[in-house]
Amino acid sequence: MTSDIPVEKLNVDEARAELADLARRLAEADDAYHRKDAPVLSDADYDALKRRNAEIEARFPDLKRADSPSEKVGAEPAEGFSKVRHARRMLSLENAFDGEEIADFDARIRRYLGLTEDAGLLYTAEPKIDGLSLSLRYEGGDLVQAATRGDGEVGENVTANARTIADIPERLTGAPDILEVRGEVYMAHADFEALNARQSDAGAKTFANPRNAAAGSLRQLDPSITAARPLRFFAYGWGVLSAPLADTQMGAIERLAALGFQTNPLTKLCNGPEEMLAHYAGIEQRRATLGYDIDGVVYKVDDLSLQDRLGFRSTTPRWALAHKFPAELAWTRLERIEIQVGRTGALSPVARLTPVTVGGVVVSNATLHNEDYIAGRDAKGSEIRGGKDIREGDWVQVYRAGDVIPKVADVDLSKRPEGAQPYAFPATCPECGSEAIREEGDAVRRCTGGLICPAQAVERLKHFVSRGAFDIEGLGAKQVEMFYRDEVLPIREPADIFTLAERDAQSVSKLKNRDGWGEKSATNLFAAIEARRTIPLDRLIFALGIRHVGESAADLLARNYLTWDAFESAMTNAQVDDGPEWENLISIDGVGKVMAESLVTAFHQTAERNSIDRLVAHLTVEPAQPRGQVDSPVAGKTVVFTGTLEKMTRAEAKARAEALGAKVAGSVSKKTDLVVAGPGAGSKAKKAQDLGVETIDEDAWLALIGA
Ligand code: IVH
């Protein structure tokens, strides 16, 4: 029945192929059993296939399919929600706050597409619903899966809960065979008030706002609780489709409405920024009477073929923009200023406030940015807030925009208490006592304690286990704090995580006997750590927590160096501002000098370097895939564009090349494989000639990529 190879002997390709085969066979068996009433497998054989599937998935968690048989409803795991890998990533939106940014958005799109200012270009404009996004998968018209956004790549399987939402149809007629509908789950104001009243009558916890209530209700392990809480759903987009819904965004939304989804009635087609802003103003005016929370207006290019050409940046589409409503304000007392020490040693001042409600959310902490900000200056020394400084005891204005951390925006000097003193920003680290210095050109004062500073070490560990990094289930910020202080089973650096189970086994004071832990949670934690011994290169690079290296930079580096060995040896051999490894590093489009210097420094500081080496000794690092299609004629090649392109804009040419797996560099070096030179090409073409790098014109390039 199942393959003969023991699971522990399978290689990745065999595992992937077998998971595909198992998904198909189990789906056929389900179909035969549930819909045709004609089973094709005995119960024992069916169970054996399911077990085999689960064992392979446990060993290769990253190969788990979006349509994994273990995700099918009825097979919910007992604890928590199972994970779902989205077949198409769920992205977020770039934000804008004023009319000028909308004009820039339109201009950028025209530039990218090579359209003139007066060429017609339609956008849809619709309310941005303040809820949480959900992806619904329909196969043959049946709802088969509902998943939350999660980190955009992997979300939670909330199918049973989604089935209880009246706005979500169970069955569609006339839909494409495979259809993923995306939209927002939200709670209406009236339902939110009623829910909170019921909760408080029952002595249960109440929710701060409708969005938290919607999230808390959708993520209930018991679907009957979700069913008792009135959630709603607006459809505004789609993921995988077996056939297009329409040629335009508006057409696709109308099609979704015809299929039975709620779509927002304030969705409107606009011709250019002026009409978009007029519709924005109209929606803002009606905001208070809509009966549900919205936090802005979303604009999308209407023509879907143009959306395709525009494509995506790392986490946001180029063809859409969220125009947020202005932030909300309130005044309160600043009780005291505290200093928090971050992962990179930055000393960040935090305002502890007398709690105040700002736009429906209770705020008791806000950021004060840095010492200049407190003193009433910007980074260049010019006055801000008319030069007013901020002191403990002051009456301050708190500002909150959407999800961002609230900040102290202004101060009312007429209410300053007598005797209030200017705030003296510490020159030593409040956590470890090391000197805190401010480098030239840096707005931030930093602790020089490095890894000896407990605050930096803990923050680095928190970063290490965070979502985009190692994302170890059961090991969050709270547990990291606990293990860091633990005398018997300490975790002081990332490598310690991977020796935890072994140390626990040898210890008499076992984790399972500690407060807050038990046999099951300890076993689960060890299993979750085990599962992460194999880690994709980009996650590892991000997890190292090197200053200036965020998630998308880590991805960029991984796709350039492909393996840990190549990356590690390049960083080890690179010298700041000198030599081919350095040149190669900064020729990566998206890697600037500041980031490159930070990377090279991290690999040359003994303590930090040793800590990295100790960690990597415990890991199997999965190589990265080069960007885009691997079998294209330009895959893996380093390409430089120079001069004027006539058939497409520079930005589009670059995005296309990257989608085909090429690396696009900004300057010509020995590593360049190909230079595409248009009219007016200057020094770069000359350098290519000197170095003997192949140079072609735009038409030859288009022929090469088959455009
Ligand atoms: S489109 C690829 N349209 O806003 C673009 N998003 O800040 C996908 N949201 O994650 C999003 N209303 O949860 C879109 N009308 C709307 C929306 C909307 C709310 C949410 C969505 C997204 C977040 C980004």
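Order of appearance sets the numbers: ligands from 1, and atoms from 1 within every ligand. Residue numbers count from 1 along this sequence. Values reported hereafter were calculated over all heavy atoms of this structure, with side chains retained and with hydrogens, waters and symmetry mates removed.
- Here's the thing with Glu126: one of its N/O atoms is less than 3.5 angstrom from an N/O atom of ligand 1.
- Ranking the protein heavy atoms by distance from atom 8 (C) of ligand 1 puts Leu91 O, 4.1 Å first.
- Taking the six-membered ring where tryptophan is involved, the planes of Phe312 and Trp319 are perpendicular, since the angle between them exceeds 60° and thus also 30°.
- Taking the six-membered ring for Trp, His189 and Tyr292 have ring centres at least 6.0 Å apart.
- Using a 4.0 Å cut-off between charged side-chain N and carboxylate O, Asp295 and Lys128 make a salt bridge.
- The shortest contact between atom 4 (O) of ligand 1 and any protein heavy atom is with Lys128 NZ, 3.2 Å.
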Exercise. Take Phe192 and Phe207 through the ring pair (Phe, Tyr, Trp, His ring centres under 6.0 Å) test and state the conclusion after the steps.
Key: CA-CA 8 Å; Phe192 166 70; Phe207 296 96; 7.5 Å; no
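- Under 4.0 Å from ligand 1, the heavy atoms of Lys300 that appear belong solely to its side chain.
- Counting protein heavy atoms only, atom 5 (C) of ligand 1 is closest to Leu93 CD2, 3.7 Å.
- Two rings, from His463 and Phe542, have their centers less than 6.0 Å apart.
- Remark: ligand 1 and Asn95 share no N or O pair separated by less than 3.5 Å (distance only, no angle test).
- For ligand 1, the polar-atom distance check finds an N/O of Ile129 within less than 3.5 Å of one of the ligand's N/O atoms.
- Each of the atoms 9 (N), 13 (O), 19 (C), 20 (C), 21 (C) of ligand 1 lies under 4.0 Å from some heavy atom of Glu184.
- For a threshold of 3.5 Å applied to N or O pairs, the pair formed by Ser92 and ligand 1 contains no separation below that value.
- Using a cut-off of 4.0 Å between Lys/Arg side-chain N and Asp/Glu carboxylate O, Glu459 and Lys462 are scored as salt-bridged.
- A salt bridge is defined here as a Lys NZ or Arg NE, NH1 or NH2 lying under 4.0 Å from an Asp or Glu carboxylate O, and Arg309 with Glu652 meets this definition.
- For ligand 1, the polar-atom distance check finds no N/O of Arg149 at less than 3.5 Å from any of the ligand's N/O atoms.
- At the top of the distance list for atom 21 (C) of ligand 1, counting protein heavy atoms only, stands Tyr236 OH, 3.0 Å.
- A salt bridge does not link Glu658 to Arg656: none of the charged nitrogens lies less than 4.0 Å from a carboxylate oxygen.
- Looking at Glu126 and Lys268, no side-chain N of the basic residue comes within less than 4.0 Å of a carboxylate O on the acidic one, giving no salt bridge.
- Residue contact check for ligand 1: Pro317 places a non-hydrogen atom closer than 4.0 Å to it.
- Of the polar atoms of Pro127, at least one N or O is found under 3.5 Å from an N or O of ligand 1, judged by distance alone.
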